[in-house]
S.K.: 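There's a structure below that I have some questions on.
Keep in mind it's a predicted model, so treat the numbers as computed, not measured.
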Amino acid sequence: MKTNVTTLIAKGIIVVILLQTLFFKFSAAEESVYIFTTLGIEPYGRIGSGIVELIASILILVPRTTLIGALLALGTMSGAILSHLLFLGIEVKGDGGLLFILATVTFASSLYLIFKERSKIPDLLKLKI
């Protein structure tokens with residue numbers, strides 16, 4: 001299947017956002033530690049979500065595994081968005097809502113990729129291990 005420009009842009013958006021946040025998660029930046037402490041899952045939640053986001057980024061870049069990566073990214077961003085709405089608030093430590101916006105953009109881009117890759121869902125459900 002031919003990849004169109006919109007799909008490449010969606011992949012790029014997700015990968016850039018996820019990879020740039022890894023630095024803050026893996027370096028235990030103050031804002032990251034605050035978020036995961038507030039959620040009661042510091043440090044394991046911070047490091048674990050960073051690992052999942054790294055895996056999602058790699059999977060999104062490989063055409064054969066884009067759907068799996070997009071599903072992982074969607075799930076992770078669902079958790080981030082719900083955490084903001086239920087516990088953290090839209091704005092965290094004076095960021096003007098940037099983290100919430102990035103999570104929402106990543107969520108929407110992942111949803112787009114899942115829609116574009118929807119024809120692969122039946123094969124994914126037949127996965128044999």
S.K.: Check the pair Leu102, Gln20 against side chain to side chain contact (heavy atoms under 4.5 Å, CB included), reporting the backbone distance first and the verdict last.
M.R.: CA-CA 11 Å; Leu102 292 174; Gln20 72 91 25; 3.8 Å; yes
S.K.: Hydrophobic clusters here meaning ILVMFWY residues chained together by side-chain heavy-atom distances under 4.5 Å, can you tell me if Ile35 and Ile90 are in one?
M.R.: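 Per the 4.5 Å side-chain linkage, Ile35 and Ile90 are not co-clustered.
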S.K.: Show me the pairs that pass ring-ring contact (aromatic ring centres under 6.0 Å, His included) and involve residues 24-54, at least two apart or across chains.
M.R.: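 For residues 24-54: none.
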S.K.: Using side chain to side chain contact (heavy atoms under 4.5 Å, CB included), reason through Leu99 and Leu88 one step at a time and then give a plain yes or no.
M.R.: CA-CA 11 Å; Leu99 289 175; Leu88 301 168; over 6 Å; no
S.K.: Please report the shortest heavy-atom distance between Gly69 and Leu59, naming the atom on each side.
M.R.: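 Scanning both residues completely, I find the closest heavy atoms to be CA-CB, 3.6 Å.
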S.K.: Tell me, which pairs form a salt bridge (charged side-chain N to carboxylate O under 4.0 Å, His left out) where one or both residues lie in residues 79-99, sequence neighbours left out?
M.R.: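 Every pair satisfying salt bridge (charged side-chain N to carboxylate O under 4.0 Å, His left out) with a residue in residues 79-99: Glu30-Lys93.
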S.K.: When rounded to the nearest 0.5 angstrom, what is the spacing between CD1 in Ile81 and CG in Leu86?
M.R.: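 Spacing of CD1 (Ile81) from CG (Leu86) equals 11.5 Å.
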S.K.: So, taking the atom named CD1 in Ile17 and the one named CD1 in Ile13, what distance separates them when rounded to the nearest 0.5 Å?
M.R.: 6.5 Å
S.K.: For Thr21, what residues pass the side chain to side chain donor-acceptor pair (under 3.5 Å) criterion, not counting sequence neighbours?
M.R.: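 With sequence neighbours excluded, Thr21 shows a side chain to side chain donor-acceptor pair (under 3.5 Å) to Glu53, given in chain and number order.
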S.K.: Which ring-ring contact (aromatic ring centres under 6.0 Å, His included) pairs, counting each pair once, include a residue from residues 52-75, with sequence neighbours left out?
M.R.: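 Listed by first then second residue: nothing to list.
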S.K.: Would Phe115 and Leu72 show up in the same hydrophobic cluster when neighbours are defined by side-chain heavy atoms closer than 4.5 Å?
M.R.: no
S.K.: Taking only residues two or more places apart in sequence, or in another chain, which ones meet Val16 in a side-chain contact (heavy atoms from CB on, under 4.5 Å)?
M.R.: none
S.K.: Assigning hydrophobic clusters by single linkage (Ile, Leu, Val, Met, Phe, Trp, Tyr; side-chain heavy-atom cutoff under 4.5 Å), is Phe107 placed with Tyr112?
M.R.: yes
S.K.: For Ala28, check side-chain contact (heavy atoms from CB on, under 4.5 Å) against everything at least two apart and list the hits.
M.R.: Val33, Arg46
S.K.: Considering only residues two or more places apart or on different chains, which pairs with a residue in residues 98-110 satisfy side-chain hydrogen bond (donor to acceptor under 3.5 Å, both in side chains)?
M.R.: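 Residue pairs with at least one partner in residues 98-110: there are none.
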S.K.: Taking Met77 as the starting point, is it possible to reach Ile51 by hopping between hydrophobic residues whose side chains are less than 4.5 Å apart?
M.R.: yes
S.K.: Pairs in or reaching into residues 60-77: which pass salt bridge (charged side-chain N to carboxylate O under 4.0 Å, His left out), with residues at least two apart or in two chains?
M.R.: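 Every candidate salt bridge (charged side-chain N to carboxylate O under 4.0 Å, His left out) pair involving residues 60-77 fails, so no pair, neighbours aside, qualifies.
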S.K.: To the nearest 0.5 Å, tell me how far Leu74 CG sits from Leu67 CG.
M.R.: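 Here the interatomic distance stands at 10.5 Å.
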S.K.: Find the distance between NZ (Lys116) and CG (Leu111) and round it off to the nearest 0.5 Å.
M.R.: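 If we round to the nearest 0.5 Å, Lys116:NZ and Leu111:CG are 13.5 Å apart.
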S.K.: Are Ile58 and Leu22 connected in the hydrophobic side-chain network, where two residues link if heavy atoms are under 4.5 Å apart?
M.R.: yes
S.K.: Mind checking the CD1-CG spacing from Ile9 to Asn4? Nearest 0.5 Å is all I need.
M.R.: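 Result: 8.5 Å between the selected atoms.
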S.K.: Got a sec, which residues hit side-chain contact (heavy atoms from CB on, under 4.5 Å) with Leu113, two or more places apart in sequence or on another chain?
M.R.: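 Leu113 satisfies side-chain contact (heavy atoms from CB on, under 4.5 Å) with Thr7, Ala10, Lys11, Ile14, Ile60, Thr66, Ala70 only.
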S.K.: According to the ring-ring contact (aromatic ring centres under 6.0 Å, His included) rule, which pairs have a member within residues 56-91, sequence neighbours left out?
M.R.: His84-Phe100
